[in-house]
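Structure record follows, encoded as structure tokens.
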2 protein chains.
Amino acid sequence: MVKKSTKNAAHHVPAQNPTLIDVARIAGVSPITVSRALNRPELVSTAAQEKVFAAVRATGYVPNMLAGGLATNKSRLIAIFVPTIANSIFADTVQALMDSLTAEGYQTLLGLTGYSSEREEQLLDAILGRRPDGIVLAGTLHTDESREKLCKAGIPVVEIWDLSASPIDMQIGFSHEQVGIDVAVHLFRQGYRRFSLLSLDDARGLRRGRSVIAELSALGVHDVPIEIMPAPATLLTGREGLARILAQGRSPEVIVCSSDTIAEGVLAEAASRGIRVPQELAVMGFGDLSSAAQVFPALSTVRVDGARIGLLVAQALLVRFSGKSPDPAPVRIDTGFSIIDRATTKLL
Amino acid sequence: MVKKSTKNAAHHVPAQNPTLIDVARIAGVSPITVSRALNRPELVSTAAQEKVFAAVRATGYVPNMLAGGLATNKSRLIAIFVPTIANSIFADTVQALMDSLTAEGYQTLLGLTGYSSEREEQLLDAILGRRPDGIVLAGTLHTDESREKLCKAGIPVVEIWDLSASPIDMQIGFSHEQVGIDVAVHLFRQGYRRFSLLSLDDARGLRRGRSVIAELSALGVHDVPIEIMPAPATLLTGREGLARILAQGRSPEVIVCSSDTIAEGVLAEAASRGIRVPQELAVMGFGDLSSAAQVFPALSTVRVDGARIGLLVAQALLVRFSGKSPDPAPVRIDTGFSIIDRATTKLL
DNA sequence: CTGTTAGCGCCTTCAC
DNA sequence: GTGAAGGCGCTAACAG
């Protein structure tokens, strides 16, 4: 490394990022005044403020948040864990959350947990090292150590897209069991009796699926088969899923899929086989991913308002940060969902 | 705020995150030895290492990277700017980049620039404040001030998904002009003569479109119309786009779209109007978003290997970071693209 | 191989 | 309304 001391030599060297002290010197005030002018301007006279702002502009000063964070023990960083962002039902949530937080001066650290719990552990450590002010969990945390570490971190945690028992801290989501029940009842009322389920090997998807099966059973429809596909979900997953179901000699009237991506694959496979949807085969998805209806007028789905969840999460966190109450009110919001029936009505 | 001093009182207080000093005390070594054991274990005796690791485990110590970053002037943070992540052609790139960087101990700061250049400015400031070690630009930087700030930040910058003139620093992408030329030539050779373009109001999309028009003109096909839709791209954009084109009384043989999302909308609109694709209307997309072929066997597209770009970016950055050369080799990689023709062959 | 000293850039506390 | 001193947690640089 080249030693470039001699602070005075402001020749044409990249000049090292200017610091608050540089700004103070140029503004002719003390460093702390600069700090205050930038962070709590109400504590500083207008005259001083102007001198400071001028100096900031002149130097192109950008506050070093690493230093600020170290001093205040606040990073203004929120970590959010998601299995993946490609083609993800969480995309809207992440986007909304980031938008809201950015507007309040927070940044987001995205953690892609993927499908390996080992990766997840490492990632958690790495991110905890950044001392985030809050953590949002969109996927499930697979290992117990992870959960423990989270708790010990002593920061707000929001689990989203679910309402499990045993919350770590806050929860903003909906009941996957209820989804299963509502889907089952809805389709049953439409007149469907021969069901097949197609699910990703994913905790929540399976919970929804089991709930569908249980409810159907209560309605008198037994032995509903479920085909489980390995992660990750792609369109091929759906195509192959339908192929398998048909290869088993089943002839369902309706296929309930654990995600829209899979459902779209089913539609593609049906199309390539000349099966008319929904007349010969109805398809139900989940997530209303990318407004699937606009491409597939015949796809019904369970719509979850991902953006709203993101918004609520941001609010909940910001309230926590502003809150003085040492023992904050517990947050547990059921955001609900809605069944969008575009074309499952059975044509008898 | 409740004052919780008296470090000895390790009763059942959340105990404040343990610091390196706590670990050192417990391990019976000096703080710097702990630091070294964790960061450059080769400089520390095995005996000391073991004492340190034991103490780390006992305390659940997680290094504070804010402090570390401040001391080393390295944040191990890479910022990446993308217009949006929902339904984005950059998703694969982001995913691949994050995966590679995470494996090397770097984290990613995602910046969603959206479509407002004002937002972009703020965002840039906020992120520069984190002192990232590198910046990746997937979208275009709209304002000149932004570009200047970037340069003055004095860190590696990688512009991706493009090969414009006047690079800021490194470039990893392909020529959008070349895409236009290749698409034009390809379709012309297939026998198409009546074209319509449908583009988002987006700098690169328009560059591709203009290039298609110019090349077609060179081939003797003139007056190719281009319909420009406002951002953001959704499936509705495509549907409406086709509707407009048809409403103008045009009857193109092929529609060249600026993105797969738009192309999928066109397919949906065509389907709802009973227009057979590709027999009556061929459709060409761009990006090969989420392997569109698997859903739309009749959609041709320009395939870009987004994941590979992400990988190359990570490599380029890591080389820079390891590199001692004060004047590193310039990086400008043409990743190319390929035209995937699934069904544009004209059936005469 | 290990420890000491000093300081990264900022903000808190307390004084004026 | 402003400033001076000290420290946040960690790691360079230099000793030993």
Side-chain angles (χ1 to χ4, degrees), chain A residues 1-5 7 15-52 55-56 59-76 105 128-131 133, chain B residues 1 3-5 7 15-52 55-56 59-77 105 128-131 133:
Chain A
M1 236 176 271
V2 183
K3 254 207 175 179
K4 35 179 164 180
S5 47
K7 288 185 180 178
Q16 199 104 358
N17 277 314
T19 75
L20 187 135
I21 297 190
D22 298 327
V23 176
R25 190 163 30 226
I26 293 181
V29 296
S30 81
I32 188 63
T33 299
V34 176
S35 171
R36 285 201 268 247
L38 261 24
N39 300 320
R40 291 124 127 285
E42 71 275 12
L43 298 184
V44 170
S45 70
T46 328
Q49 275 184 48
E50 275 166 18
K51 285 192 288 185
V52 170
V56 167
T59 53
Y61 170 68
V62 179
N64 183 331
M65 299 192 73
L66 273 68
L70 181 60
T72 56
N73 199 25
K74 282 177 180 46
S75 62
R76 297 186 83 77
L128 251 22
R130 306 274 177 196
R131 296 294 187 267
D133 292 340
Chain B
M1 232 178 269
K3 256 208 171 179
K4 37 180 163 179
S5 48
K7 290 187 180 178
Q16 201 101 359
N17 278 315
T19 75
L20 185 137
I21 298 191
D22 298 327
V23 176
R25 192 165 28 229
I26 294 182
V29 297
S30 80
I32 189 66
T33 299
V34 176
S35 171
R36 287 202 265 249
L38 261 24
N39 299 318
R40 293 125 124 282
E42 70 275 13
L43 297 183
V44 171
S45 71
T46 328
Q49 277 185 48
E50 275 165 19
K51 284 191 288 184
V52 170
V56 166
T59 53
Y61 170 68
V62 179
N64 184 332
M65 298 191 74
L66 274 70
L70 183 60
T72 55
N73 197 26
K74 283 179 178 46
S75 61
R76 296 186 84 77
L77 228 37
L128 251 23
R130 305 277 176 195
R131 297 294 186 267
D133 291 341

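The structure displayed is predicted, hence computed values, not measured ones. In what follows, chains are A, B, ... by sequence order, proteins preceding strands, each numbered from 1.
- The backbone N or O of B:L66 lies less than 3.5 Å from no partner atom in the side chain of A:R131, so there is not a single donor-acceptor pair.
- If you measure from atom CD of B:Q16 to atom C1' of D:dG7, you get 13 Å, rounded to the nearest angstrom.
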Legend entry - Nucleic acid footprint by protein, nucleotides 1-6 of chain C - heavy-atom cut-off 4.0 Å, B for base, S for sugar-phosphate alone: SBBB--
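- If you take CG of B:N17 and P of D:dC10, they are 9 Å apart, rounded to a whole angstrom.
- Atom OG of A:S75 sits about 11.5 Å away from atom CG of A:L70, to the nearest 0.5 Å.
- Distance OH/A:Y61 to CG/A:L20: 4.0 Å, rounded to 0.5 Å.
- Contacts of A:L20 with the nucleic acid, taken as non-hydrogen atoms under 4.0 Å apart, involve only primed sugar atoms and P, OP1 or OP2.
- Taking atom CZ of A:R40 as the reference point, atom P of D:dT2 lies 14 Å away to the nearest angstrom.
- Going from atom OG1 of A:T72 over to atom CG of A:N39 covers 9.0 Å, rounded to the nearest 0.5 Å.
- Using a 4.0 Å heavy-atom criterion, one finds that A:N64 contacts the sugar-phosphate atoms exclusively.
- For D:dT11, the OP1/OP2 oxygens have a side-chain nitrogen or oxygen of B:N39 closer than 4.0 Å.
- Between the P atom of D:dG7 and the CG atom of B:L70 lies a distance of 17 Å, rounded to the nearest Å.
- Between the CD1 atom of A:I21 and the P atom of C:dC8 there is a distance of 8 Å, given to the nearest Å.
- In this entry the distance linking CG of B:L66 with C1' of D:dC8 reads 10 Å, nearest Å.
- One can place CG of A:N73 at 13 Å from C1' of C:dC10, the figure rounded to the nearest angstrom.
- Formation of a donor-acceptor pair under 3.5 Å by the A:D133 side chain with backbone atoms of A:K74 is not found in this model.
- To the nearest 0.5 angstrom, B:N64 atom CG is 9.5 Å from B:T19 atom OG1.
- With rounding to whole Å, A:R76 atom CZ is found 11 Å from C:dC11 atom P.
- If you run side-chain contact (heavy atoms from CB on, under 4.5 Å) between A:V44 and each of A:T33, A:V29, A:I32, only A:T33 comes through.
- Residue A:T19 has no polar side-chain atom (N or O) positioned under 4.0 Å from OP1 or OP2 of C:dG9.
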